[in-house]
Amino acid sequence: MRMSKLFVQTLREFPSDAEVMSHKLLVRAGYIRKLTNGVYNYLPLMWRVLKKIENIVREEMDAAGAQELLMPFVQPSELWQESGRWEVYGKELMRLKDRHNREMCLGPTHEEVITSIGREGIRSYKQLPVNLYQIQSKFRDEIRPRFGLLRGREFIMKDAYSFDADEEGLDKSYEIMAKAYKKIFERCGLETKMVQSDSGAIGGSVSHEFMVLVNEESENNAGENDVFYCTKCGYSANSNHAVSILNPAETDGHFDKAQITDTPDVHSIEELSQFLKVPSSVICKCLIYVIDGKYVAALIRGDRTVEETKLMNVFAGNDIRIARNDEIEEIMNNSGFSAIAGFIGPKGLKGVEIVADETVKELKNFVIGINQTDKHLTGANWGSDVELPEKIADIRLVEQNDKCKDCGAELKVTKGIEVGNIFKLGTKYSKAMNATFTDKDGQEKPFIMGCYGIGISRTAAAAVERHHDEYGIKWPVSIAPYKVIVVPVSDQDEKQMSVAEEIYNKLIEAKIEVLLDDRQERAGVKLKDADLIGIPYRITVGKTILDNLVEFKERATNVTQTISPDEAVQRIINIS
RNA sequence: CGGGAUGUAGCGCAGCUUGGUAGCGCACCUCGCUUGGGACGAGGGGGUCGCAGGUUCAAAUCCUGUCAUCCCGACCA
């Protein structure tokens, strides 16, 4: 491709509305352009990158025995009613009506559609297992789209769905996908970590995420997830799912008797700890949440933090948020109290479900709110002063240096970009939607399903996050839009131009994806653009061509060498 | 949903306090000159100042509303 004809506009400055590097660079280098909030045009260079990633995904999915198909982007509400998700999916589901006033939605994922395909097409266990996948745009009306391609509302995703006759079959299908994913990301030039995670709105039991770790890059960290991992045994999990052994802390408040103590204007745990001169770990924190519209009080040791996803899962909820002050007021009114936030306790709460984290069980002579403003109960004990809630669960956020539950070593935390995820769905959708097959024994049984996603556009952005420098992008060769760019320094110099053309033609002949910068620009512009766009190899034809020498540059390392044009061509051909 | 900020040419921005008919850099077009790291000179094109009302002889500027975008928070008990 000749640069003079290539549809690309590079910018001299970074766009003002971009925060993370992948967003800044992809816009500046002319790969993407925002159409509206969270929705981007993929310009020709970007589209080449996306197709590269898609093809790697296709090759590995096909090799793993999956078959590609394409499902509609617009889906009827009926299917979502069947699965029960029409009600629970929430505002992220973009709903619309057709001319007959029928309710439809834009596909944020395709479990419902694939389940309907499975139940129509698979009648017998003899047809199983089946794994079907597609590569397609998804639309999720995110609360807050950001970071360019990393969290858009419309994005390209590969989603695969497996159907098996039994759990063993699913385990096998899951294992095959886990292996395929590892290979896919490796081929894309991305090192990933497979971590345990919460299964979220998709539903199901077991799930893992593939994370690109980005902690090393200090400024503008694009990693939206905290990943906890054990340095010894390899345990790793998303913070929404990670568990640990209770960290040791002072659990005895050393108050000699239970009594109501004045704590005027002391609202936070930190203030309370300072005021009473006790460690925060002997304070029993009580947080009021709203889960699917219902009030929940969560008790946790004062030095620890509630993990909202874990808490929500205790109640099998879909939506969680901390209660507003007016809601706390309502609870107080209903329970015959009048305390404000900061002094809430579990005792006597009406219309509120109570759950306690494991951390509060062992507390002795502790401090707790009693629904009286400016007062706390000190020296409290379970049973005699406050009832220990029946519901006890692990609802705490793991912290760095907590001990690994598998081996006892210390856990560390790092930031990650989730580029892929795999779920064991089980029978969640097949049961709800009555998708069954006839098993060996003649019995009608629901499919045991799994689903497997890869964010294609996010993977591209993650690659930029991982591979760039101050001058621009450094694409891994496997997903670069072009492999090599030939740059004649002066378009006035006939010799330089003719050699550049010659190299260009030889590379085309060898079926190499090559750019020729034949623009009438000064050398600086062409060299800057080559770095910015991030083509992995550059062959620069300058004055030294009189000695039959060109410059060969590898973008990944920025190492340059002076070699003959023929050798440069040969080197490119040898790099596959 | 709450808080903060911003909307002026394709991109980056100034002008607004103190109202007077819109400007700078980059990009774009023409000519000259220049060619190893985003040159230079001369000339030129491009903007209903987010939108809608209001105040005024006069509004990018003041007032009201609205829409959009960006950032932060979503942990205070």
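Scope of the values below: all heavy atoms of this structure, side chains included, with no hydrogens, waters or symmetry mates. In what follows, every chain begins at residue 1, and chains take the letters A, B, ... in the order their sequences are listed.
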Take atom C1' in B/G53 and the same atom in B/C40, then report the distance between them in whole Å. 50 Å

Near RNA chain B, which residues from residues 273-294 of chain A have a heavy atom under 4.0 Å away? A/Cys286, A/Leu287, A/Ile288

Roughly, in whole Å, what's the span from CD in A/Gln9 to C1' in B/C11? 11 Å

Taken to the nearest whole Å, CG/A/Leu397 to P/B/A74 is 12 Å

Consider the side chain of A/Arg538, meaning its heavy atoms from C-beta on, and name the nucleotide among B/G37, B/G12, B/G36 that approaches it most closely. B/G37

Rounded to the Å, how far apart are A/Glu327 CD and B/G2 P? 13 Å

Could you go step by step and tell me if A/Tyr31 and A/Trp475 meet the ring pair (Phe, Tyr, Trp, His ring centres under 6.0 Å) rule? CA-CA 13 Å; A/Tyr31 282 80; A/Trp475 288 113; 5.6 Å; yes

Expected output is a numbered-order residue list: members of residues 550-562 of chain A with a heavy atom under 4.0 Å from any atom of RNA chain B. What is it? A/Glu551

What's the gap between B/G19 and B/A58 when it is taken at their P atoms, as a whole Å value? 15 Å

Which nucleotide in the list B/U34, B/G36, B/C11 gets nearest to the side chain of A/Gln492? B/U34

Taking C-beta and beyond as the side chain, do A/Glu551 and A/Arg538 meet within less than 4.5 Å on heavy atoms? yes

Lys/Arg N to Asp/Glu carboxylate O, A/Glu362 vs A/Arg301, below 4.0 Å: yes

From B/U35, B/G36, B/A77, nucleotide with atom closest to A/Ile269 side chain: B/A77

Sugar-phosphate, base or nothing in reach of A/Arg321, heavy atoms under 4.0 Å: nothing

Any side-chain donor near an acceptor of the partner, A/Asn558 and A/Asp531, under 3.5 Å: no

Among the nucleotides B/A74, B/G37, B/G10, whichever has the atom closest to the side chain of A/Glu308 is B/A74

Answer with base, sugar-phosphate or nothing: what part of the nucleic acid does A/Gln520 contact at a heavy-atom distance below 4.0 Å? nothing

B/C62 and B/U17: how far apart are their C1' atoms, nearest whole angstrom? 11 Å

Just checking A/Gly369: base, sugar-phosphate only, or nothing, at a heavy-atom cut-off of under 4.0 Å? nothing

Could you state the atom-to-atom distance from CE of A/Met312 to P of B/A74 in whole Å? 17 Å

Between B/G10 (P) and A/Leu11 (CG): distance, integer Å: 13 Å

Tell me what A/Asp531 touches on the nucleic acid: a base, only sugar-phosphate, or nothing, going by heavy atoms under 4.0 Å. base

Of A/Val541 and A/Glu270, whose nearest nucleotide on RNA chain B comes first from the 5' end? A/Val541

Options B/U35, B/A77, B/G37, nucleotide nearest the side-chain atoms of A/Ser490: B/U35

Under a 4.5 Å cut-off applied to non-hydrogen side-chain atoms, are A/Leu549 and A/Ile545 in contact? no

Restricting both atoms to N or O, compile the protein contacts to nucleotides 66-71 of chain B shorter than 3.5 Å, with distance only.
{"from": "B/U69", "atom 1": "O3'", "to": "A/Lys34", "atom 2": "NZ", "distance (Å)": "3.3"}
{"from": "B/C70", "atom 1": "OP1", "to": "A/Asn37", "atom 2": "OD1", "distance (Å)": "3.1"}
{"from": "B/C70", "atom 1": "OP2", "to": "A/Asn37", "atom 2": "OD1", "distance (Å)": "3.0"}

Which listed nucleotide (B/A39, B/U35, B/G25) is nearest to the side chain of A/Val525? B/A39

Is it true that A/Ser22 and A/Glu465 share a donor-acceptor pair across their side chains at a distance under 3.5 Å? yes

Across all chains, not counting sequence neighbours, the ring-ring contact (aromatic ring centres under 6.0 Å, His included) partners of A/Phe255 are none

Might you list the N or O atoms of the protein lying below 3.5 Å from N or O atoms in nucleotides 27-32 of chain B, with each pair's distance?
{"from": "B/A27", "atom 1": "OP1", "to": "A/Arg12", "atom 2": "NH2", "distance (Å)": "3.1"}

Counting heavy atoms from C-beta on, name the nucleotide in B/G36, B/A77, B/G37 closest to the side chain of A/Ser268. B/A77

Pairs flagged by salt bridge (charged side-chain N to carboxylate O under 4.0 Å, His left out) wherever residues 363-381 of chain A is involved - sequence neighbours left out: A/Asp262-A/Lys375

Ring-face cation of A/Arg458 near A/Phe155 (centre distance under 6.0 Å, axis angle within 45°): no

Measure CZ/A/Arg519 against C1'/B/U35 and give the value in whole Å, please. 14 Å

Would you mind checking if A/Asp491 and A/Arg519 are paired as a salt bridge, meaning a charged N to carboxylate O distance below 4.0 Å? no

Could you check how far CZ of A/Arg522 sits from P of B/C40, rounded to whole Å? 9 Å

Can you label the angle between the A/Phe343 ring and the A/His376 ring as parallel, tilted or perpendicular, going by 30° and 60°? tilted

Using 4.0 Å as the upper bound for N to carboxylate O, is an ion pair formed by A/Arg85 and A/Glu87? no

Can you confirm whether the side chains of A/Tyr295 and A/Glu330 place a donor and an acceptor under 3.5 Å from each other? yes

Atom C1', compared across B/C63 and B/A59: separation rounded to whole Å: 11 Å

Will you find, in the side chains of A/Arg571 and A/Gln561, an N or O donor that is under 3.5 Å from an N or O acceptor? yes

Can a side chain N or O of A/Lys526 be found less than 4.0 Å away from OP1 or OP2 on B/G37? no

Pair A/Asp226, A/Asn238: side-chain N/O donor-acceptor within cut-off below 3.5 Å: no

Cut-off 3.5 Å, side chains only: do A/Ser564 and A/Asp566 have a donor facing an acceptor? no

If you check the A/Ile328 side chain, which of B/G36, B/A77, B/G10 turns out closest? B/A77

Remember a base hit wins even if backbone is also touched, and classify A/Leu532 as base, sugar-phosphate or nothing at under 4.0 Å, heavy atoms. base

Pick the closest RNA chain B nucleotide for A/Thr540 and for A/Ala341 by heavy atoms, then say which residue is nearer the 5' end. A/Thr540

B/C26 and B/U18, which share atom name C1', separated by this distance in whole Å: 32 Å

Please give, in whole Å, the distance from B/C26 C1' to A/Phe14 CZ? 15 Å

From the list A/Lys34, A/Arg146, A/Arg33, salt bridge (charged side-chain N to carboxylate O under 4.0 Å, His left out) partner of A/Asp17 resolves to A/Lys34

Give me the distance, rounded to whole Å, that separates B/U61 from B/U8 when you measure between the C1' atoms they each carry. 11 Å

By the 4.0 Å heavy-atom rule, please label A/Gly524 as base, sugar-phosphate, or nothing. sugar-phosphate

